[in-house]
Engineer: 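Below you'll find the structure I mean.
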Amino acid sequence: MEEVTEAVGNLAIEGGAAGAEAHKKNRIQVSNTKKPLFFYVNLAKRYMQLHNEVELSALGMAIATVVTVAEILKNNGLAVEKKIMTSTVDVKDDSRSRPIQKAKIEILLSKTDKFDELMAAAAEEREAREAAEAEEQS
């Protein structure tokens with residue numbers, strides 16, 4: 001979790017297609033090539049701890065990753081979906097003269113009533129496991 005916290009501190013959040021959208025502190029723009037799936041799951045948990053809700057956003061092929069992250073959080077009882085928005089955006093491609101259209105999805109998730117309780121239980125379980133491993137090594 002420390003590396004996720006560090007990544008949150010170092011994360012630069014980019015704006016929309018032409019920078020027209022305002023920077024949102026609770027938005028995660030997901031890529032299906034740059035980071036592993038559970039990086040985004042853990043980052044979304046951290047954002048929900050800080051802001052009570054998180055907006056997951058993706059273009060094109062990364063849409064499947066966003067949906068998977070949202071479903072993992074929902075199935076573990078950590079999040080409920082508030083809003084799902086779909087659209088198409090023009091993406092400039094240097095190899096073509098005209099822009100291409102890509103599908104876009106934005107999923108807004110908020111914490112469940114049991115979020116803090118579940119996160120505390122997971123932290124206790126992790127600490128107990130680490131303590132047992134430390135004892136085995138000594």
Engineer: Nearest heavy-atom pair of Ala70 and Ile107: which atoms, and what distance?
Structural biologist: CB-CD1, 4.2 Å
Engineer: Taking only residues two or more places apart in sequence, or in another chain, which ones meet Ser57 in a side chain to side chain contact (heavy atoms under 4.5 Å, CB included)?
Structural biologist: Arg27, Gln29, Lys104, Glu106
Engineer: Taking the side chain as C-beta and beyond, is there a heavy-atom pair between Phe115 and Gln49 under 4.5 Å?
Structural biologist: yes
Engineer: Can you tell me how far CG of Leu56 sits from CD1 of Ile63, rounded to the nearest 0.5 angstrom?
Structural biologist: 12.5 Å
Engineer: Closest heavy-atom contact between Val66 and Ala58?
Structural biologist: CG2-CB, 3.3 Å
Engineer: Distance-only criterion, 3.5 Å: show the donor-acceptor pairs between side-chain atoms of residues 116-125 and protein atoms not counting sequence neighbours.
Structural biologist:
unit_1	atom_1	unit_2	atom_2	d
Asp116	OD1	Lys111	NZ	3.3

Engineer: Any chance you could measure Asn42, atom CG, to Leu37, atom CG, to the nearest 0.5 Å?
Structural biologist: 9.5 Å
Engineer: As an exercise, state the distance from NZ of Lys92 to OG of Ser97, rounded to the nearest 0.5 Å.
Structural biologist: 10.5 Å
Engineer: Atom CD1 of Ile72 and atom OH of Tyr40: how far apart are they, to the nearest 0.5 Å?
Structural biologist: 13.0 Å
Engineer: Phe39, Val69: one ILVMFWY side-chain cluster at the under-4.5 Å cut-off?
Structural biologist: yes
Engineer: Tell me if a side-chain donor or acceptor on Thr88 pairs with a main-chain N or O of Lys102 at a distance below 3.5 Å.
Structural biologist: no
Engineer: Among Asn26, Val54, Leu43, whose side-chain contact (heavy atoms from CB on, under 4.5 Å) with Met48 holds?
Structural biologist: Val54
Engineer: Any side-chain heavy atom of Val67 within less than 4.5 Å of one from Ile105?
Structural biologist: yes
Engineer: Can you run down the salt bridge (charged side-chain N to carboxylate O under 4.0 Å, His left out) pairs that involve residues 129-138, sequence neighbours left out, and say none if there aren't any?
Structural biologist: none
Engineer: Can you confirm whether Leu108 sits close enough to Glu53 that some side-chain heavy atom of one is under 4.5 Å from a side-chain heavy atom of the other?
Structural biologist: yes
Engineer: To check you understand the geometry: which heavy-atom pair defines the closest contact between Asp90 and Pro99, and what is its length?
Structural biologist: CB-CB, 4.0 Å
Engineer: With sequence neighbours left out, what residues match Arg98 under side chain to side chain contact (heavy atoms under 4.5 Å, CB included)?
Structural biologist: none
Engineer: Using a 6.0 Å cut-off, check whether atom CG of Asp113 has over 12 heavy atoms from anything other than its own residue.
Structural biologist: no
Engineer: Please report the shortest heavy-atom distance between Ala79 and Leu109, naming the atom on each side.
Structural biologist: CB-CB, 4.1 Å
Engineer: If you look only at pairs with a residue in residues 57-70, which of them pass as a salt bridge (charged side-chain N to carboxylate O under 4.0 Å, His left out), with sequence neighbours excluded?
Structural biologist: none
Engineer: Listed by chain and number, what are the side chain to side chain donor-acceptor pair (under 3.5 Å) partners of Ser31, not counting sequence neighbours?
Structural biologist: Thr33
Engineer: Does any non-hydrogen side-chain atom of Leu73 lie less than 4.5 Å from one of Lys45?
Structural biologist: yes
Engineer: So for atom CE, which belongs to Met61, do other residues, nucleotides or ligands contribute more than 12 heavy atoms lying within a distance under 6.0 Å?
Structural biologist: no
Engineer: CG of Asn32 to CG of Leu59: how many Å apart, nearest 0.5 Å?
Structural biologist: 10.5 Å
